[in-house]
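Structure record follows, encoded as structure tokens.
Note on naming: letters A, B, ... go to the chains in the order of the sequence lines (proteins, then strands), and numbering restarts at 1 for each one.
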Number of protein chains: 2
Amino acid sequence: MIDYSVLVKSPLFHGIPDEECRALFSKIHYQVRKFEKDAIVVQGGEEVTNLFVVLSGSVRGEMIDYSGKTVKIEDIEAPRPLAAAFLFGKENKFPVTVTANKKAELLAIPVVEFLKLLQMNTRLLRNYLNSISTRAQFLSQKLHFLSFKTIKEKVAHFLLQQAGDLYHSFELKNTQQQLAEMFGVTRPSLARVLGDMQNEGLIKIEKKTVTLLDKEELNSLLKNG
Amino acid sequence: MIDYSVLVKSPLFHGIPDEECRALFSKIHYQVRKFEKDAIVVQGGEEVTNLFVVLSGSVRGEMIDYSGKTVKIEDIEAPRPLAAAFLFGKENKFPVTVTANKKAELLAIPVVEFLKLLQMNTRLLRNYLNSISTRAQFLSQKLHFLSFKTIKEKVAHFLLQQAGDLYHSFELKNTQQQLAEMFGVTRPSLARVLGDMQNEGLIKIEKKTVTLLDKEELNSLLKNG
DNA sequence: ATCATTTTGTAACAATTGATACATTTTGCC
DNA sequence: GGCAAAATGTATCAATTGTTACAAAATGAT
């Protein structure tokens with residue numbers, strides 16, 4: 001039995017009334033699978049044939065490295081979906097092995113049935129499309145950012161983005177330490193680059209206020225990479 | 001008028017018979033917009049309210065930088081869709097300004113109408129989901145790869161992936177120059193790292209055959225990053 | 001205001017990678 | 001086999017970044 005009041009809190013079924021959910025699920029095949037603590041939910045590398053949603057308890061994804069040892073873990077609590085981004089596409093295999101942290105219930109909807117759901121309910125379709133699109137956009141932005149090789153390029157891009165087209169100064173909302181982590185560099189290295197850019201007359205930093213003195217030049221740092 | 005024989009060659013409508021396409025489009029609102037050479041199809045930053053498919057001619061996407069100059073361009077020929085990945089999600093704005101290279105015809109389907117299409121035709125839904133999922137997976141893999149900072153880590157990851165879980169040796173299908181470009185490093189730097197790894201007894205390279213001598217150690221290079 | 005804590009600026013040195021150059025090996029073709 | 005072109009191994013030096021350390025400045029709580 002599905003507790004629909006839990007389900008609608010998941011990003012997928014958000015905004016769909018309990019009753020509507022009930023009606024939807026009455027029209028498709030699905031399973032509610034129960035797992036004991038430490039039971040394996042899915043093996044990494046297995047083909048993704050079902051959409052899983054954690055209904056109760058929690059599960060963890062474990063990366064298995066090439067030599068067979070488990071490494072990183074990520075916890076997934078109810079009512080989050082599992083590997084929703086890997087339901088479709090070319091490589092629709094689970095990237096990780098998923099294990100139950102404690103007693104857990106998972107909703108398993110076969111891909112074909114999920115497709116039916118998507119075609120029956122516009123809100124669900126929108127939710128799903130939004131979630132994987134947002135993910136793709138996030139990845140795309142991150143990738144674009146990582147394409148800048150030097151710290152100077154990363155900083156220039158960040159500053160221009162923060163300022164936007166209209167403004168020339170703005171308030172920093174993060175410490176250098178946090179920025180350095182975002183950029184994947186060390187804090188002294190970031191400070192050095194910021195210092196250099198000040199000496200070169202590109203920017204001015206007073207407390208938390210950054211002023212871009214030469215947007216033109218900052219831009220050319222990006223293009224000539 | 002839409003030439004359906006062109007349309008079904010696009011990844012989105014692939015596998016849907018002409019007749020079925022015709023029937024689908026008879027049920028929704030859409031426009032076929034004509035553009036003269038150098039006419040602006042969409043402004044960068046504009047909200048994406050339509051799915052565009054190039055029916056004839058070709059268009060180009062132009063990045064506009066922070067100071068207002070155009071930079072990179074990418075050509076899109078018929079029958080490719082335009083910014084299909086930005087139809088949904090949080091930031092559904094065109095990342096680029098799109099201009100017609102020559103006389104061009106574009107099919108414009110409002111988002112709401114496209115949703116109807118997706119709900120009417122399972123094949124189309126599958127096509128669309130597959131295309132954005134594949135894209136997301138591609139980005140995800142690329143991102144994971146870029147998360148390795150040193151050349152050594154990148155090489156270790158590449159070698160372990162190529163060999164797979166079972167094998168310990170394989171044939172290189174690329175030249176060092178090509179690999180170096182994949183990794184975003186210079187060729188001598190890559191050669192140096194490969195040489196070091198041989199000296200350390202991690203791998204052995206004979207002509208195009210690579211043998212992994214110490215998978216365990218190669219793995220630990222990745223985890224201790 | 002004062003003091004402890006956090007944040008920032010900066011320096012010296014090590015490690016990594018890029019740039020360039022050249023010798024050597026391999027490959028493909030005759 | 002012989003030869004030209006491509007690919008590879010290697011060396012040197014410059015540029016960038018990481019590492020570590022420490023002092024100065026800013027922040028926040030009392």
Nearest-angstrom distance from the residue atom [atom1] of [X] to [atom2] of [N]:
X	N	atom1	atom2	result
B:Lys208	C:dT25	NZ	C1'	12 Å
A:Ile203	C:dT8	CD1	P	13 Å
A:Glu206	C:dG9	CD	P	12 Å
B:Asp196	D:dT10	CG	C1'	11 Å
B:Lys204	D:dG9	NZ	C1'	19 Å
B:Gln177	D:dA5	CD	C1'	15 Å
B:Leu179	D:dG9	CG	P	12 Å
A:Ile205	C:dT7	CD1	C1'	13 Å

Side-chain H-bond candidate by donor/acceptor type, A:Ser58 with A:Asp75, under 3.5 Å: no
Check the side chains of A:Gln177 and A:Glu181 for a donor-acceptor pair under 3.5 angstrom, ignoring hydrogens and angles. yes
Does B:Lys208 have more than 12 heavy atoms from other residues, nucleotides or ligands lying within 6.0 Å of its NZ? yes
Would the number of heavy atoms belonging to other residues, nucleotides or ligands and lying under 6.0 Å from CZ of A:Arg33 be above 12? yes
Please list all pairs meeting salt bridge (Lys or Arg N to Asp or Glu O under 4.0 Å) that have one or both residues in residues 37-51 of chain B, counting only residues at least two apart or in different chains. B:Asp38-B:Arg60
Applying the side chain to side chain contact (heavy atoms under 4.5 Å, CB included) test to A:Phe52, which of A:Leu106, A:Val59, A:Ile109 qualifies? A:Leu106
OP1 or OP2 of C:dG9 versus the side-chain N and O atoms of A:Gln176: is any pair under 4.0 Å? yes
Scoring nucleotides 15-26 of chain D by protein non-hydrogen atoms under 4.0 Å (B base, S sugar-phosphate only, - none) yields --BBBB-----S
